[in-house]
There are 2 protein chains.
Amino acid sequence: MKLHPAATRLLRRRLGPGVVRTDAPSLDAASFDGMKIPFPPEAVIFPRTREDLGEVLKLANERRVPVTVRGRGTSLTGSAAPARGGWVVDLLGWNRVRIDREAGLAQVEAGARVADIHRAAEERGWFYPPDPSSKEYCTIGGNIACNAGGMRGGKYGVTRDFVLALKGFLPTGEFVQWGTPTRKFAAGFNLRDLWIGSEGMLGIVTDATLKLIPKPAARWTLLASFSNEAAAFRAVRALFVERIQPSICEFLDRYSVVCAERATGATVFEGQPGRPVVLLEIAGSASEVREQKPLVIAWARRHASAHRAARSPAEAESLWEVRRKCSGAMFELGDSKLNEDVVVPMSQYVTFARFLDRLRRDSGLAIPTFGHLGDGNVHVNIMYHGADRGECRAAEKAVGMLMKTVVELGGAISGEHGIGLAKTPFLKVQHSAAQIGAMQAVKKALDPRGILNPGKMFEPFHVWKHKRLAIRLPWDHK
Amino acid sequence: MKLHPAATRLLRRRLGPGVVRTDAPSLDAASFDGMKIPFPPEAVIFPRTREDLGEVLKLANERRVPVTVRGRGTSLTGSAAPARGGWVVDLLGWNRVRIDREAGLAQVEAGARVADIHRAAEERGWFYPPDPSSKEYCTIGGNIACNAGGMRGGKYGVTRDFVLALKGFLPTGEFVQWGTPTRKFAAGFNLRDLWIGSEGMLGIVTDATLKLIPKPAARWTLLASFSNEAAAFRAVRALFVERIQPSICEFLDRYSVVCAERATGATVFEGQPGRPVVLLEIAGSASEVREQKPLVIAWARRHASAHRAARSPAEAESLWEVRRKCSGAMFELGDSKLNEDVVVPMSQYVTFARFLDRLRRDSGLAIPTFGHLGDGNVHVNIMYHGADRGECRAAEKAVGMLMKTVVELGGAISGEHGIGLAKTPFLKVQHSAAQIGAMQAVKKALDPRGILNPGKMFEPFHVWKHKRLAIRLPWDHK
């Protein structure tokens, strides 16, 4: 890896040692993200102002120093890890949140925590729907970088659907803004949305204007269990045919349910142990929720083997507890997990359930699966023991089969985590050579010296050849 | 203008004279769009298959023949006119519409009429919100090209917010697809949204997957009049602070109202002649609409000088008639109109009303204004007589002042029409040199030979120097 000691010294002289840090603890902390494979940077930069950041980029571009931007580093794909060394720019301190209560907009800085945006909006009667499970930790900048989603994507959409305008920097250090803080904009090429989901490879976001929706006044939760996964999938399709759009439609297969039951020592659904469940939330105005409740209960009577509606917020909370517990509980089945956030079209749900059964049989691995059925974003958790060579090989093979299958079914290899390093071997499964060529041409056009987050997206990376840090991060599922 | 007779002959030989037409009526019909300034093409191509279209592009790219794609040609900015000649590709015949009633998706071809998509979706209980006023004529391909909006942008969003996946061609003739027919996708750079709004300059869309929402079961319309424009704007802001999100919030200033009154011979609002009005529509489930009605009426009592709720769909229809009549009626005030679809942030509405008063005074022109207040997209209609040199100069100056002002107020020079040729002189008002440079770099990367819709967006074009055709198009406001 090429080092840039002279450039680093020059930057440190210009901006000061408080801004440009090279001490071991700072470098260590910035060397990895939620993927837990470390890459040492040469400096971690905490810019105080836009001018600082412009200066960092101008020098980096001039001297060809890799620049990787990070917020809280919750990415599961390595997209926030400095794969080619160089400088890490830490924007966690840029965390202002301001709500425009007339226009229903949030003006936020890149380092603002997503849950803080939720709270600020809700205090003023507005609502920001995207809710990645790491929302108490992750930043809006990171959410924009990977176009994060969450449980409410089916009804409300994902991060991209709520970004009206971005401000930030080109890799040359030029300040730009894409879009205006208005709900319409049709003036020039849409580089705003090109930046969203570009994982810090085309520009650096410093500020965003987010669109909010009126806060739903009421919510209602129902838990339903099914005799098998295919029955659950068929039922959900029937629900959508009736044009009932739940705000949340979470699915847990029988393996996830068994995990949760082992972890809590209690049956998820009394009298229905070890059966797949669907957790529905209806949200909207009080009258809208009142209107939909009987329709949903009638649906559950027709399709579910059992169902239970929450009679109070506390009871709803206890139902949601199941969903939150299952992910951590999976580590009973293996010390390592590949959490693949694939997307499957609704028409292919049942076919996909059959594929997963085959995959379990062929790989010999436990593959508990849960996910957001409103948008087809299914989290397939391939569990294995890191010290067991055979299981590692089986897991590697299984993930390849999974990616190939979701694309054949018309779906996507990632719905919300992005590519980063972890999914680079599968970009070709999703995209043709012409498509990848077009993406690379755009990268070359906007970052001709390739300084922004190099090593990601296009260069195949093999996670299997790297050792992961044995640490527990605050946002790891418990 | 460079001609390409040999390439045209070769293409005609390959695809046949039915596909590649060079007769005068075909060339004439393809020479202009809703801007009515003609540019003669060398051939009009009606591809039968994807293979045809791939072949057209490969040859065009090889021989550097300009290619402009057109649907119905309703664009008001010249974006569908072949400004540099060459070949026009007509996709009006590619008009298939298929609804996926489970997943709430529409699979459409580029030439499908927007109103046909509305009808197909609504027949199956789903709803496609974008509704440009030319919806009975314009195609979804054109809507995607300029990111069209309409009256419902505030609550529901614009075309971009409903496009999940695109298929089409790079200018090299390579077939590509961006995104999958799913509500989540985070795999690779987002060229889907870069294409949307790129006005046919980065690729050619042949197919789109659109996201639908459940069809609102109920609607309710209220007309309110105000003592002046600033009062109307203040009232609308107050409505949004209360988190009431009307599906439509149309504003007509006193000048538009007077036009409508002259055209119809009736007072828009009995007892309130010549006063600005706001037309609100509340839409949603029956209970949601029932819940919001009293809130809206209470708001109208507090803020409006008079209000009237529609007691039946027929009465609602008669209220909407006003809105539809005003645009055509403006031609009483001048034979020429600059319809500028600017966008203003909600916080600046009142300031903007004052600016318009000044602009009327300073220019001496009639400038009736109406628009979509849910999203700040205000249509400023600068009226003048084309034969009056003084008025032409005043209009040209007024549009310049308008563009400068909306950008100073934090708004946009176009909310839904795009840049095309008509707004090229103002791209620099909206965007910095760095921003335009980045857009041009992207253009160069994806269309290195510059064959797709050349002459648009970046090269200043002066509409004043060109004569418009004196024709009436079917979608011209009556």
Side-chain angles (χ1 to χ4, degrees), chain A residues 101-104 125 146-147 149 153-154 158 161 170 174 176 180-191 193-194 196-198 214 237 240-241 243 245 285 287-288 291 343 345-347 375-377 410-416 418-419 427 430-431 434-435 438-439 441-442 444-446, chain B residues 101-104 125 146-147 149 153-154 158 161 170 174 176 180-191 193-194 196-198 214 237 240-241 243 245 285 287-288 291 343 345-347 375-377 410-416 418-419 427 430-431 434-435 438-439 441-442 444-446:
Chain A
R101 66 190 190 104
E102 281 178 356
C146 69
N147 189 24
V158 296
D161 298 305
L170 296 174
E174 288 165 299
V176 290
T180 48
T182 57
R183 287 166 192 254
K184 278 188 183 159
F185 188 83
F189 292 159
N190 177 26
L191 272 73
D193 284 275
L194 181 63
I196 301 170
S198 71
R237 283 167 52 178
F240 280 81
V241 169
R243 251 75 68 208
Q245 223 176 13
S285 69
S287 60
E288 206 183 350
E291 194 175 57
V343 191
M346 202 173 279
S347 58
D375 51 36
N377 188 197
I413 61 171
S414 173
E416 52 191 16
I419 302 296
L427 193 70
Q430 183 84 69
H431 290 288
Q435 289 162 213
M439 291 180 199
V442 166
K444 182 105 188 142
L446 293 178
Chain B
R101 66 191 191 104
E102 281 178 357
C146 70
N147 190 22
V158 295
D161 298 305
L170 296 174
E174 287 165 301
V176 290
T180 48
T182 57
R183 287 165 193 254
K184 278 188 181 159
F185 187 83
F189 292 160
N190 177 25
L191 272 74
D193 283 275
L194 180 64
I196 301 170
S198 70
R237 283 168 50 178
F240 279 81
V241 169
R243 247 76 67 210
Q245 223 175 14
S285 69
S287 60
E288 206 182 349
E291 192 175 60
V343 192
M346 202 174 278
S347 58
D375 52 36
N377 188 197
I413 61 172
S414 173
E416 51 191 17
I419 301 298
L427 193 70
Q430 184 84 68
H431 289 289
Q435 288 160 215
M439 290 179 200
V442 166
K444 183 106 187 137
L446 292 180

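Here is the naming used below: chain letters follow the sequence lines, and residue numbers restart at 1 for every chain.
- Between Q435(A) and L191(B) there is no side-chain heavy-atom pair separated by less than 4.5 Å.
- Heavy atoms closer than 4.5 Å to chain A are found in the side chain of L427(B), but not in its backbone.
- With respect to chain B, the highest number of heavy-atom pairs below 4.5 Å among M439(A), Q245(A), K444(A) belongs to M439(A).
- Here N377(A) is the residue among I196(A), N377(A), I413(A) with the most heavy-atom pairs under 4.5 Å with chain B.
- The candidate with the highest count of non-hydrogen atom pairs below 4.5 Å against chain B, out of A441(A), A434(A), P345(A), is A434(A).
- Across every non-hydrogen atom of N190(A) and D193(B), the tightest pair is ND2-O, 3.0 Å.
- Interface check for chain A: of the options G149(B), A103(B), S285(B), the most heavy-atom pairs under 4.5 Å are formed by S285(B).
- Put simply, of M346(B), E291(B), H431(B), the one with the most heavy-atom pairs under 4.5 Å next to chain A is E291(B).
- Proximity to chain B involves both the backbone and the side chain of V176(A), based on heavy atoms less than 4.5 angstrom apart.
- Interface check for chain A: of the options G188(B), G104(B), P181(B), the most heavy-atom pairs under 4.5 Å are formed by G188(B).
- Of the listed residues A186(B), G197(B), C146(B), the one with more heavy-atom pairs under 4.5 angstrom with chain A than any other is A186(B).
- If you tally non-hydrogen atom pairs under 4.5 Å between each of G153(A), G411(A), G376(A) and chain B, the highest count goes to G411(A).
- If you tally non-hydrogen atom pairs under 4.5 Å between each of L170(A), N147(A), I419(A) and chain B, the highest count goes to I419(A).
- Interface summary for chain A: among G415(B), A445(B), P214(B), A412(B), the most heavy-atom pairs under 4.5 angstrom belong to G415(B).
- Heavy-atom distances place both the backbone and the side chain of L194(B) under 4.5 Å from chain A.
- Contact annotation for Q430(B): only side-chain heavy atoms (C-beta onward) come within less than 4.5 Å of a heavy atom of chain A.
- Of the two parts of L446(A), only the side chain, counted from C-beta on, holds a non-hydrogen atom closer than 4.5 Å to a non-hydrogen atom of chain B.
- Both the backbone and the side chain of V442(B) come within contact range of chain A, judged by heavy atoms closer than 4.5 Å.
- Between the side chain of D375(B) and the main chain of K184(A), no donor-acceptor pair closer than 3.5 Å is present.
- Ranked by heavy-atom pairs under 4.5 Å with chain A, the list E174(B), R237(B), E288(B), E102(B) is led by E102(B).
- Between the side chain of R183(B) and the backbone N or O of G154(A) there is at least one donor-acceptor pair closer than 3.5 Å.
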